[in-house]
Amino acid sequence: MKICVIGMGYVGLVAAAGLAGPDRKVVGVESDPAKLRLLYQGEVPIHEPGLDELVRAHAESKQLCFTDRIEEGLAGADFALVAVGTPARLDGRVDLSALYRVSEQIVRNAVHPITVVMKSTVPPGTGRALTERFFSKSATRIRYASNPEFLREGQAVKDWFSPDRIVVGSDDQDVATRVLALYAGIQAPKIRTSVVSAEMIKYAANAFLATKISFINEIATICELVGADVTEVAPALGMDVRIGSQFLRAGIGYGGSCFPKDTKGLEQLSSLNGYDFALLKAVIEVNRRQRISAVRKLRAALGGLLDKRVAVLGLAFKPGTDDVRESPAIEIISYLVDEGAAVSACDPVAVANARTVLPDSVELFQDPYDAVRNSNAVLLATEWDDFTGMDWTKVKRLMAPPFVVFDGRNALARASLEALGFRYSGIGRQGAGDGDEVSTNITFGKKRASQV
Ligand SMILES: NC(=O)c1ccc[n+]([C@@H]2O[C@H](COP(=O)([O-])OP(=O)(O)OC[C@H]3O[C@@H](n4cnc5c(N)ncnc54)[C@H](O)[C@@H]3O)[C@@H](O)[C@H]2O)c1
């Protein structure tokens with residue numbers, strides 16, 4: 001069997017390496033010359049634990065190879081898995097242009113019957129639209145299945161081999177059976193649905209997880225107002241099996257390449273279908289507020305940000321990945337710089353990616369102790385072990401007054417830090433209030449931030 005996987009990003013490369021095997025040759029198609037160059041050299045262009053070894057092993061045994069020529073990938077292939085990006089446009093709608101290009105290429109190059117398997121996250125209705133617009137017009141038979149991907153960056157390889165479920169949406173049972181057979185060796189519930197339901201499952205899952213995060217962030221804000229501590233509230237809340245403990249950590253909000261764009265995409269889709277998805281709008285708004293609230297708290301703690309030095313620990317949107325897309329740290333840094341703060345930052349693996357999106361004035365370090373030197377405040381933006389396990393006595397020695405620690409992930413030992421003389425501030429905890437009036441023109445909807 002031959003499988004062509006189009007798009008060697010976080011999803012496509014993991015899928016290609018996960019599917020390759022003795023009876024399966026996988027060809028990964030990638031259009032970015034820089035990524036392809038690394039893949040040719042046997043290197044993996046992203047940080048994903050366990051992926052290097054897997055890719056190298058399959059590449060050495062010739063079960064996995066790479067090309068930028070889609071016709072080479074499609075030649076003789078039984079399946080074409082599509083894993084190109086579907087980013088958000090400025091207005092929140094999903095940008096499907098990469099998908100359209102790939103669909104055209106598949107139609108142009110398919111010379112024998114092939115099944116297109118959609119791994120990219122696409123708005124419900126896209127599969128039907130792609131089939132009508134492209135695949136049904138092919139002279140060769142092209143069949144279609146939606147097979148949404150649920151892997152998490154940072155544990156993508158583990159998730160590939162032990163998923164919670166595998167969903168295949170197809171309007172043809174034979175196609176669904178053949179797509180599910182690709183996962184024959186994987187123990188997981190295998191769910192068959194229509195194409196549009198499979199597409200909806202992916203959006204609903206991400207919207208629900210984002211809702212959980214924004215919910216606990218709202219509870220954290222109320223905790224600050226009434227004198228409760230969200231770090232005491234959330235664990236007890238999560239012990240209720242109907243609720244579950246995951247995604248209940250209050251912080252500076254969700255980021256990454258999926259939740260922000262998928263929540264906005266679903267909200268836009270609802271609106272285009274004449275429905276006002278009020279709950280999801282609130283989820284998105286609360287997430288935006290968390291980032292701005294961090295800036296307000298830092299400003300209040302430092303008595304203004306102009307000429308203050310802030311060290312930001314963490315640039316990736318979460319630990320375990322080098323992905324900085326929609327990372328809260330990146331947005332917060334841009335606000336800090338706008339208000340005249342000097343910012344130094346570090347991350348164990350995301351510095352190179354962050355450099356391409358951060359203002360030039362931001363100094364980047366690999367070593368967190370270099371980053372905190374002479375800083376008036378430290379912001380923990382990503383809870384990497386490298387940061388939570390720092391020697392905070394040494395950090396204090398390196399910093400300058402007033403020794404503010406803003407724990408944007410509620411991941412640091414507050415009592416120990418306060419005993420060392422730090423001015424600790426977290427989220428949803430005592431002494432974590434906003435403090436000052438907003439001095440920028442940052443607005444929430446039509447209101448000024450200070451009115452919210
Ligand atoms: N990253 C995740 O954690 C995750 C999880 C589940 C689902 N998804 C979804 O999977 C899709 C891919 O996400 P990603 O994070 O892997 O994206 P990515 O940006 O990391 O990778 C996409 C890759 O496709 C390549 N590409 C674009 N057009 C191409 C073409 N015509 N031919 C060959 N290559 C092309 C790009 O150069 C890039 O390397 C998105 O729809 C995303 O929402 C992502």
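Ligands are counted one by one from 1 in listed order, and the atoms in each one are counted from 1 as well. Counting from 1, the numbers follow the sequence of the chain as shown.
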Select one of side chain, backbone, both or neither to describe which atoms of [X] lie under 4.0 Å from any atom of ligand 1, heavy atoms only.
X      : answer
Arg152 : neither
Val102 : side chain
Cys258 : side chain

Looking only at protein heavy atoms, which one is nearest to [atom], and how far off is it?
atom                    : result
atom 9 (C) of ligand 1  : Thr121 OG1, 3.4 Å
atom 27 (C) of ligand 1 : Val84 CG1, 3.7 Å
atom 5 (C) of ligand 1  : Leu151 O, 3.5 Å
atom 34 (N) of ligand 1 : Ser31 N, 3.3 Å
atom 10 (O) of ligand 1 : Val11 CG2, 3.5 Å
atom 21 (O) of ligand 1 : Gly9 CA, 3.1 Å
atom 37 (O) of ligand 1 : Glu30 OE2, 2.5 Å
atom 1 (N) of ligand 1  : Glu153 OE2, 2.7 Å

More than 12 foreign heavy atoms under 6.0 Å from [atom1] of [X]: is that the case here?
X      : atom1 : answer
Gln187 : CD    : no
Asp385 : CG    : no
Phe208 : CZ    : no

**Prompt:** So Phe247 and Phe259, would you call those rings parallel, tilted or perpendicular, with 30° and 60° as cut-offs?
**Reply:** tilted
Under 3.5 Å, is there a donor on one side chain and an acceptor on the other for Tyr424 and Arg429? yes
Would you check if there is a donor-acceptor pair between the side chains of Glu199 and Tyr203 at a distance under 3.5 Å?
no
Identify, by atom number and element, the atoms of ligand 1 in contact range of [X], meaning under 4.0 Å from any of its heavy atoms.
X      : value
Thr86  : 40 (C), 41 (O), 43 (O)
Ser257 : 1 (N), 15 (O)
Ala83  : 12 (C), 22 (C)
Asp32  : 37 (O)
Gly85  : 22 (C)
Lys35  : 38 (C), 39 (O)

Under 4.0 Å between a Lys/Arg side-chain N and an Asp/Glu carboxylate O for Glu267 and Lys264? no
Is a salt bridge present between Asp91 and Arg89, judged by a nitrogen-to-oxygen distance below 4.0 Å? no
**Message:** Check for me whether the distance between the ring centres of Tyr183 and Trp160 falls short of 6.0 Å.
**Reply:** yes
So which of [options] gets nearest to [atom], if we judge by its closest heavy atom?
atom                    : options                        : value
atom 32 (N) of ligand 1 : Ile6, Leu36, Val5, Val122      : Ile6
atom 42 (C) of ligand 1 : Glu149, Arg325, Lys261, Gln105 : Lys261
atom 14 (P) of ligand 1 : Phe259, Tyr100, Tyr10          : Tyr10

Point to revise | Ser270/Leu280 under side-chain contact (heavy atoms from CB on, under 4.5 Å): CA gap, chis, key distance, verdict | key: CA-CA 10 Å; Ser270 310; Leu280 196 56; 5.6 Å; no
Leu74 and His112 have their tightest heavy-atom pair at O-CE1, 3.4 Å
Residues pairing under side-chain hydrogen bond (donor to acceptor under 3.5 Å, both in side chains) where one sits in residues 165-181, two or more places apart or in two chains, turn out to be Thr115-Arg178, Arg143-Asp172, Arg143-Asp174, Gln173-Arg192, Thr177-Arg192
